[in-house]
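Because only heavy atoms are used, hydrogens play no part in the values below, and waters and symmetry mates are left out as well, while side chains stay in.
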Amino acid sequence: MTIQDSGFMMEDGVSCLPCTPEEQKKIVIDLRNESERNLKEGNLYFVISSRWFRKWERYVGIDADANLIGNQSSDSWHMNVTSSMVAEMPGAIDNSDIVQNGSDCNCKENEIQLRRNLMEGQDYVLVPQRVWVKLHEWYKGGPALPRKMILQGVYYRTFDVEVYPLRLKLIDSRDESQSVIWLSRKASLSELFQRVCALRGIEQNKARIWDYFNKRKHTQLSASNRSLEESNLQMDQDILLEEVDGHHSSRFGMDSTGNELALVSMEPSRSSFTIAGGPTLSNGHSSGYKSNQYPGSSLSSGLKDTDDGFDAYNTVRKGEKRGLAGLQNLGNTCFMNSALQCLVHTPPLVEYFLKNYSDEINTENPLGMHGELALAFGELLRKLWSSGQTAVAPRVFKGKLARFAPQFSGYNQHDSQELLAFLLDGLHEDLNRVKKKPYIELKDADGRPDEEVAAESWKNHKARNDSVIVDVCQGQYKSTLVCPVCNKISITFDPFMYLSLPLPSTITRTMTVTVFYGDGSGLPMPYTVSVLKNGFCKDLLLALRTACCLKTDENLLLAEVYENKIYRYLEMPLEPLASIKDDEHIVAFRIQKKGMEKTKLVIFHRWQEKSTTDYLKSGKELFGTPLITYLGEDQPSGADIETAVSKVLSPFKRMHSSAKAHIGKGSDFLSDGLDELCSSSDAQSIENAEFEGALSMDLSLRLLLTDDRVMNFKSFKKDTLFEPGKILSVVMDWTDKEQGLYDASYLKDIPEVHKAGFAAKKTRQEAISLSSCLDAFLVEEPLGPDDMWYCPRCKEHRQAVKKLDLWMLPEIIVFHLKRFTYGRYLKNKIDTFVNFPIHNLDLSKYVKNKDGQSYVYELYAISNHYGGLGGGHYTAYAKLIDENRWYHFDDSHVSPVNESDIKTSAAYLLFYKRVNESKMEIGESSYSHSTS
């Protein structure tokens with residue numbers, strides 16, 4: 001509804017806002033842009049509830065899908081300022097739904113904490129400080145939730161707003177009291193000491209603070225510039241405060257028997273397992289690897305401590321199995337634990353990292369992490385394979401991950417596939433045997449045989465990339481691009497490390513379009529068609545042509561209806577279908593081709609109130625779907641307009657107007673017999689007869705000329721002449737008389753393009769197979785509008801048609817099932833069950849390179865995701881190859897699982913190992929009867 005400026009009363013008594021919605025929008029955009037130009041560490045941002053912010057966006061006329069705080073330009077905004085005419089003013093800023101204190105906004109700012117596991121965009125937005133000041137000035141409310149911008153990363157420096165600062169639990173050994181301290185993970189240990197000493201009233205020179213992770217002393221912290229993140233302190237972990245004046249002692253310095261413990265850092269136990277597999281000296285340090293460290297590097301500093309909760313190289317006790325150690329959750333790190341368990345149970349990688357790989361560490365690769373990531377992963381794998389069933393806390397590894405991949409820092413949930421992609425790429429670069437990459441000029445295929453081009457491409461790739469990851473995990477696919485304008489064909493052969501497979505339902509979309517007859521020869525009918533998501537309007541028109549049996553002398557005119565007006569015409573064949581949202585209303589008008597060069601007539605509908613005597617009075621409520629037809633006369637007149645309106649309304653004429661009998665109810669469409677419109681001449685004759693009768697009646701239609709916005713009105717007469725070729729718009733005022741003659745329900749409530757929740761009403765969706773996902777991955781489809789290809793012949797970016805083919809497959813192949821779809825606000829997960837084989841996955845038919853190799857695979861690990869986004873949970877299934885048994889890895893908890901139970905709709909990443917031919921021959925009979 002429309003909100004009057006004087007009708008809004010704020011909590012503090014302010015009656016109205018000083019700025020119009022349009023002015024507010026401009027001010028916020030300008031401030032946002034200025035803030036983006038001046039990014040720096042320490043800038044303040046404020047967290048605002050998405051629920052409130054969306055209301056404000058609607059009020060000022062910003063489309064939710066073109067989020068103001070996102071990176072979209074104003075060109076992508078779909079709604080215009082007219083939306084503010086109907087959107088309600090948002091009221092006072094209300095962050096109660098995202099804070100733990102609920103609606104209690106009277107506590108101090110530093111005591112108000114956000115609810116855990118919130119997602120940016122979905123639950124909250126971040127606005128610069130000056131934007132917050134303006135919004136708070138206009139709307140008041142709160143509470144204010146300021147957060148600082150930090151600088152992250154070592155090689156790839158990125159700015160990030162620290163929404164969730166580090167939460168540490170302080171235990172004071174003097175009285176065993178507990179306190180909570182919130183600090184930035186970028187804060188220094190000196191700042192931690194200052195905060196602790198001020199909080200507990202102790203002099204800094206008498207304070208000793210311990211890293212007390214898992215209620216166990218690990219490292220004595222010292223006041224320095226070292227950050228809390230670099231010190232491997234984790235969210236919600238304990239730190240221990242002791243006073244060192246000799247008068248205070250506590251049970252925190254004793255073991256379980258009451259004996260006093262030596263307060264020293266713990267040394268790693270001596271074992272044949274050492275960093276990078278080098279030989280050990282008597283002091284337990286490795287001589288097998290000498291690091292050429294760069295400034296600021298600490299290759300081995302974090303790898304020697306035993307902060308994992310056990311002696312890092314403790315040998316497996318008699319009777320214990322190797323490879324069954326869990327990973328402790330460090331705060332939303334189940335995504336990392338799941339991916340890691342799959343990798344550390346990959347047989348070729350286990351074999352590689354348990355041997356001496358020190359000679360292959362590349363510290364000079366500018367694309368790598370100076371060997372630190374490979375060392376951290378190798379050490380973690382060794383601990384997991386030498387600890388029996390004792391859970392490992394991967395704090396050192398997480399610290400390295402945050403340092404080199406800041407996108408995974410902090411304590412938010414992340415995607416296990418994104419982590420896997422980073423790890424495989426990072427491990428490859430750290431272990432790349434090529435120390436100096438040669439420059440290689442790529443050649444076009446130029447009609448050469450695929451075998452020659454593929455071999456050349458792989459040779460060039462191996463000249464620059466040669467590691468255990470390439471040996472084991474990389475394959476090659478053929479990519480064919482065809483320009484839609486000049487038909488230029490480009491063929492390349494590219495390496496891949498995993499295959500991201502779309503679920504078939506994710507590459508197509510169903511779209512419902514209501515088709516109207518522009519000549520009034522039939523009732524409107526909704527048609528639901530299936531089209532490619534990355535397709536164009538021409539694809540939608542083609543599907544509709546078939547669905548509605550369009551005749552050869554007819555065309556379809558597509559349009560979007562918004563607020564009972566024609567919002568836009570979809571006349572460009574290459575208009576991307578992505579520009580049409582699911583909640584929009586799309587209509588199509590069947591128009592005779594020969595008439596489309598004439599004058600277009602758009603007919604709007606409006607309720608005419610009985611009490612209204614002023615025929616030209618504006619402000620009456622529009623309703624229904626506008627109708628479109630064409631005037632056949634060279635010089636159209638007012639009489640021609642009235643005749644045309646009568647003609648297009650004729651299908652809606654009630655059969656028995658005196659009895660006011662309805663053909664349909666509500667928004668239902670008359671469907672009986674309409675499917676025969678393409679072939680039934682009898683039906684056409686009946687419709688023509690109805691039309692003849694309608695023309696003979698004196699309708700006395702109340703018509704006014706108007707503009708496309710239906711804001712201005714002008715009367716006309718039957719003998720009024722109009723300029724040909726122009727677009728004419730009229731509004732028809734409906735009274736009880738027209739309501740009695742015509743059934744207006746056909747004009748109302750036309751269906752959305754795709755009704756949310758519609759699929760839930762269907763019967764249980766049939767399971768799809770892994771092979772159907774592969775087919776969907778390899779299908780020929782146009783590139784997305786954001787993924788245009790530069791055509792060397794046209795010298796323009798084109799939305800080319802792309803076709804992928806598998807050329808060469810690696811020993812280990814990982815399938816990523818693309819279950820997540822992302823929008824700026826809407827994030828969705830597809831829980832469809834994918835039926836995948838455990839044994840005998842034969843990919844031979846997909847491989848275009850007929851080299852005689854076997855491409856039969858066996859499943860050995862799965863990364864699972866349960867639940868929805870943000871609040872979901874990751875686990876892993878992994879097979880111990882030697883034992884031929886499956887286990888479930890759920891963070892710290894590890895348990896056996898039956899092979900028949902590992903197929904679930906939670907499967908997200910599938911890890912397969914190629915079966916060698918000798919094994920296939922030995923186990924062929926057993927595999928042939930296995931679950932598939």
Determine whether a donor-acceptor pair (N or O, by modelled atom type, separation under 3.5 Å) exists between the side chain of Ser457 and the backbone of Val453. yes
Inter-residue atom distance Leu843.CG - Leu499.CG, 0.5 Å rounding: 9.0 Å
Shortest non-hydrogen contact between Tyr855 and Tyr857, atoms and distance: O-CD1, 3.5 Å
How close do Tyr517 and Leu523 get, counting heavy atoms only, and between which atoms? CE1-O, 3.4 Å
For Lys802 versus Ser479, what's the shortest heavy-atom pair and its separation? CE-OG, 3.5 Å
Just checking Met572: does its CE atom have more than 12 heavy atoms from other residues, nucleotides or ligands closer to it than 6.0 angstrom? no
Does the side chain of Asp775 come within less than 4.5 Å of Val779's, by heavy atoms? no
Ring pair (Phe, Tyr, Trp, His ring centres under 6.0 Å) for His873 and Tyr866? Distances and angles first, verdict last. CA-CA 5 Å; His873 181 60; Tyr866 298 90; 7.3 Å; no
With sequence neighbours left out, the residues meeting ring pair (Phe, Tyr, Trp, His ring centres under 6.0 Å) with Phe589 are Phe516
Looking only at heavy atoms, what is the nearest atom pair of Leu420 and Phe911, with distance? CD2-CZ, 3.9 Å
Gln476 side chain to Ala454 main-chain N or O, any donor-acceptor pair under 3.5 Å? yes
Stepwise side-chain contact (heavy atoms from CB on, under 4.5 Å) test for Glu621 and Asn564: CA-CA 10 Å; Glu621 185 178 356; Asn564 311 113; over 6 Å; no
Flag if over 12 foreign heavy atoms under 6.0 Å of NZ, Lys848: no
Just do the side chain to side chain donor-acceptor pair (under 3.5 Å) check on Ser338 and Ser416 with the steps written out, would you? CA-CA 7 Å; Ser338 174; Ser416 66; 5.0 Å; no
Would His585 and Tyr567 count as a close aromatic pair, with their ring centres under 6.0 Å? no
Steps toward salt bridge (Lys or Arg N to Asp or Glu O under 4.0 Å) verdict (Asp583, Lys755): CA-CA 7 Å; Asp583 60 351; Lys755 184 68 175 177; over 6 Å; no
Find out whether Ser579 and Phe536 are in side-chain contact, i.e. whether some heavy atom of one side chain is under 4.5 Å from a heavy atom of the other. no
Under 6.0 Å between the ring centres of Trp56 and Phe53? yes
Thr629 side chain to Gly518 main-chain N or O, any donor-acceptor pair under 3.5 Å? yes
Counting only N and O atoms by type, is there a donor-acceptor contact under 3.5 Å from the side chain of Lys538 to the main-chain atoms of Gly535? no
Do His797 and Trp789 come within less than 4.5 Å of each other through their side chains, counting heavy atoms only? no
Less than 4.5 Å apart, any side-chain heavy atom of Cys791 and any of Glu796? no
Do you know which two heavy atoms are closest between Ser905 and Phe833, and how far apart they sit? N-CD1, 3.7 Å
Quick one: CG on Asn835 to CG on Leu770, what's the gap to the nearest 0.5 Å? 9.0 Å
Member of Phe496, Tyr846, Phe493 meeting the ring-ring contact (aromatic ring centres under 6.0 Å, His included) criterion with Trp807: Phe493
Are any of the side-chain heavy atoms of Arg590 and Val515 separated by less than 4.5 Å? yes
Test of ring centre spacing under 6.0 Å for Phe815 and Tyr498: no
Enclosure of Lys593 NZ (heavy-atom neighbours >12, cutoff 6.0 Å): yes
Check: Lys903 side chain, Phe836 main-chain N or O, donor-acceptor pair, under 3.5 Å: yes
Hey, what do you get for OG1 (Thr904) to NE2 (His865), rounding to the nearest 0.5 Å? 12.0 Å
Under 4.5 Å between any side-chain heavy atoms of Thr599 and Ile727, yes or no? no
Approximate separation, where rounding is to 0.5 Å, of Thr512 OG1 and Ile750 CD1: 11.0 Å
Interatomic distance, NZ@Lys748 vs CG@Asp743, rounded to 0.5 Å, equals 8.5 Å
Determine whether Cys794 and Cys483 make a side-chain contact, defined as any pair of heavy atoms from C-beta on separated by less than 4.5 Å. yes
May I have the step-by-step check of side-chain contact (heavy atoms from CB on, under 4.5 Å) for Ile603 and Ile628, ending in yes or no? CA-CA 6 Å; Ile603 306 156; Ile628 295 178; over 6 Å; no
For Thr832, is there any backbone N or O sitting under 3.5 Å from a side-chain donor or acceptor partner on Arg819? yes
Return the CG to NZ distance between Leu627 and Lys647, rounded to the nearest 0.5 Å. 13.5 Å
Spell out, as yes or no, whether a donor-acceptor pair under 3.5 Å connects the side chain of Glu554 to the backbone of Lys551. yes
Ion pair present between Arg568 and Glu575, side-chain N to carboxylate O less than 4.0 angstrom? yes
What are the two closest heavy atoms between Leu556 and Arg545, and how far apart are they? CD1-N, 4.2 Å
Side-chain heavy atoms of Leu558 within contact of Leu544, under 4.5 Å: yes
Counting heavy atoms not belonging to Lys726, are there more than 12 under 6.0 Å from its NZ? no
Taking only residues at least two apart or on different chains, which pairs with a member in residues 476-487 satisfy salt bridge (charged side-chain N to carboxylate O under 4.0 Å, His left out)? Asp450-Lys478
Please determine whether side-chain contact (heavy atoms from CB on, under 4.5 Å) holds for the pair Val731 and Arg606, giving the CA-CA distance in whole Å, both sets of side-chain angles, and the decisive distance to 0.1 Å. CA-CA 7 Å; Val731 61; Arg606 197 170 62 159; 3.7 Å; yes
Within the side chain of Arg509, is there an N or O that forms a donor-acceptor pair under 3.5 Å with the backbone of Leu577? yes
In a check of side-chain hydrogen bond (donor to acceptor under 3.5 Å, both in side chains) between Tyr908 and each of Lys818, His816, Gln417, which one passes? His816
Carefully, step by step, assess Met511 and Ile580 under the rule side-chain contact (heavy atoms from CB on, under 4.5 Å). CA-CA 9 Å; Met511 301 182 71; Ile580 302 176; 3.7 Å; yes
Donor-acceptor under 3.5 Å (Asp539 side chain, Ala543 main chain): no
For the backbone of Leu747 and the side chain of Thr625, can you confirm whether one donor and one acceptor N or O come within less than 3.5 Å of each other? yes
